[in-house]
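Let me begin by presenting the structure, written as structure tokens, before commenting on it.
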Amino acid sequence: MNDIISSNFFCLLASGAFQEKDPIRPMSNYKWKQLFRLAANHEVTDYIVRGMELRKDEFFLQQPLGLHEKWKTELTTENTDEEETDTENQLTAPDHLTNPLLNHAFQQILEDDSTTEETHRMMMMLTSIVRYLMNEGFPVRHLVELGLMLRRQGERVDYVTLQNWLEKVRMTKMSSLAGILLIHLFNFSAEEIPFYTEIPGIKLDNIIKDVFRQRTSARGTLYFSQGDDIFVHASNTGALIGHVERSFKYFRYYPSESVTNFFASFAHSLSHIEE
């Protein structure tokens with residue numbers, strides 16, 4: 001079931017954001033509702049609806065358009081409390097890295113005013129994607145926004161400087177991973193992504209399947225509470241397991257940051273132990 005939902009989800013995203021028109025496959029109302037829920041979870045409903053409107057004359061999209069309007073009235077969005085927002089900001093903020101040596105180099109990059117504003121923005125976007133992958137899940141909206149910037153303002157980016165920055169913070173493989181996802185999911189060409197280099201042996205399916213996992217901040221943060229015994233218990237085991245899995249998954253692409261990132265998130269969780 002996930003294969004067809006995933007295919008239609010990314011096809012409609014590509015239509016709404018980049019005016020692509022890959023074939024849409026027929027689905028049941030149940031599966032369309034799952035797709036709409038997926039869009040809401042990743043905060044890309046606007047692109048999905050835009051893609052459907054662009055292709056509304058196609059037979060398989062006439063019924064889902066009406067279904068979406070009905071579904072929208074039934075959708076309830078869970079409020080995120082202050083602690084969850086605080087965790088999300090700290091663990092996914094694109095203004096720092098958790099490895100002290102890499103973060104020192106990164107802060108120097110942020111203070112470098114010798115290049116264009118767009119070059120800085122591209123660096124921040126790539127850093128945001130990296131931190132999101134490691135801490136939150138699959139960065140659907142971030143990838144769309146990166147693709148839009150490449151096509152709208154890419155010519156204003158100093159890619160020589162950008163590549164030097166990526167090498168300084170050892171982020172070349174992770175930035176290439178972002179490029180590979182743009183190529184695979186949204187029909188970008190390698191020529192459109194100057195920071196992209198091929199990564200041998202990459203298993204994209206293992207990464208893309210995370211789109212179906214509820215995001216960490218929506219699922220609950222890695223906070224801990226102390227029970228009646230002497231042990232510390234995770235209040236959300238799924239969130240903890242998710243962080244462990246992502247740390248191992250991206251270790252090959254960013255070993256120097258993935259280890260410190262996991263311990264940083266773990267330490268942040270311990271700081272919220274309830275007495």
Side-chain angles (χ1 to χ4, degrees), residues 42 80-111 123-140 142-143 165-178 181 199 201-203 206-211 213-227 229-275:
H42 289 284
T80 304
D81 61 31
E82 292 182 2
E83 285 189 330
E84 287 182 349
T85 302
D86 176 63
T87 302
E88 183 180 358
N89 288 341
Q90 290 191 41
L91 297 181
T92 63
D95 61 352
H96 69 280
L97 298 171
T98 58
N99 182 292
L101 292 176
L102 297 184
N103 187 54
H104 178 71
F106 186 64
Q107 296 308 313
Q108 290 180 325
I109 289 170
L110 296 182
E111 296 171 4
M123 185 68 185
M124 293 289 280
M125 279 188 163
L126 290 169
T127 306
S128 180
I129 287 173
V130 169
R131 290 182 60 72
Y132 201 97
L133 277 166
M134 289 184 170
N135 293 290
E136 187 77 3
F138 194 88
V140 178
H142 293 67
L143 281 171
W165 287 351
L166 292 171
E167 290 172 0
K168 280 185 179 179
V169 295
R170 304 176 190 174
M171 204 187 291
T172 54
K173 282 189 177 181
M174 286 296 280
S175 59
S176 289
L177 176 58
L181 290 170
I199 302 177
I202 187 171
K203 297 180 180 179
N206 192 36
I207 295 170
I208 295 172
K209 71 179 183 180
D210 280 352
V211 75
R213 292 189 178 185
Q214 194 168 5
R215 295 180 301 127
T216 298
S217 62
R219 195 172 59 232
T221 54
L222 285 175
Y223 293 150
F224 291 75
S225 59
Q226 193 165 0
D229 54 21
I230 63 173
F231 298 103
V232 174
H233 303 274
S235 62
N236 193 319
T237 306
L240 178 59
I241 292 173
H243 272 268
V244 173
E245 289 178 346
R246 284 190 292 273
S247 295
F248 279 108
K249 181 180 296 186
Y250 297 110
F251 180 82
R252 64 169 293 202
Y253 306 108
Y254 208 176
S256 51
E257 175 69 10
S258 62
V259 174
T260 55
N261 180 80
F262 172 74
F263 284 109
S265 63
F266 192 80
H268 181 81
S269 301
L270 289 177
S271 71
H272 289 78
I273 292 178
E274 298 174 359
E275 298 296 339

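These values consider heavy atoms only, across backbone and side chains, with no hydrogens, waters or symmetry-generated copies.
Between the side chain of H142 and the backbone N or O of Y132, no donor-acceptor pair lies under 3.5 Å. The main-chain N or O of L102 is found under 3.5 Å from a side-chain atom of N99 such that the two form a donor-acceptor pair. N261 places no side-chain N or O within donor-acceptor distance of the main-chain N or O of E257, the cut-off being under 3.5 Å.
Closest of all the heavy-atom pairs between L126 and A178 is CD2-CB, 4.3 Å. The heavy-atom pair separating T127 from P94 by the smallest distance is CG2-O, 3.7 Å. When all heavy atoms are compared, the tightest approach of R252 to I202 is NH1-CA, 3.9 Å.
A distance of 7.5 Å separates CD1 of I207 from CG of L133, quoted to the nearest 0.5 Å. Atom CG of L177 is separated from atom CD1 of I129 by 9.0 Å, given to the nearest 0.5 angstrom. Between atom CG of residue N206 and atom NZ of residue K249 there is a gap of 4.5 Å, rounded to the nearest 0.5 Å. Between the CZ atom of R131 and the CG atom of L97 there is a distance of 6.5 Å, given to the nearest 0.5 Å. The structure places OH of Y253 at 12.5 Å from OG of S175, a figure rounded to the nearest 0.5 Å. How far OG of S258 is from CZ of F251: 5.5 Å, rounded to the nearest 0.5 Å.
Considering only residues two or more places apart in sequence or on other chains, Q108 meets the side chain to side chain contact (heavy atoms under 4.5 Å, CB included) condition with H104. Considering only residues two or more places apart in sequence or on other chains, Q107 meets the side chain to side chain donor-acceptor pair (under 3.5 Å) condition with N103. S176 meets the side chain to side chain contact (heavy atoms under 4.5 Å, CB included) test with T197, I199; sequence neighbours excluded. Considering only residues two or more places apart in sequence or on other chains, K168 meets the side chain to side chain donor-acceptor pair (under 3.5 Å) condition with none of them. A search for side chain to side chain donor-acceptor pair (under 3.5 Å) contacts involving T260 returns T98, not counting sequence neighbours.
A heavy-atom distance below 4.5 Å is found between the side chains of F138 and L181. Taking 4.5 Å as the limit, some side-chain heavy atom of V169 sits within range of a side-chain heavy atom of M123.
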**Request:** May I have the step-by-step check of side chain to side chain contact (heavy atoms under 4.5 Å, CB included) for L110 and M124, ending in yes or no?
**Result:** CA-CA 9 Å; L110 296 182; M124 293 289 280; 3.5 Å; yes
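Contacts classified as salt bridge (charged side-chain N to carboxylate O under 4.0 Å, His left out) and involving residues 94-108 (residues at least two apart or in different chains) are not found.
Applying the side-chain contact (heavy atoms from CB on, under 4.5 Å) test between L166 and each of M174, K173, M171 identifies M171 as the sole match.
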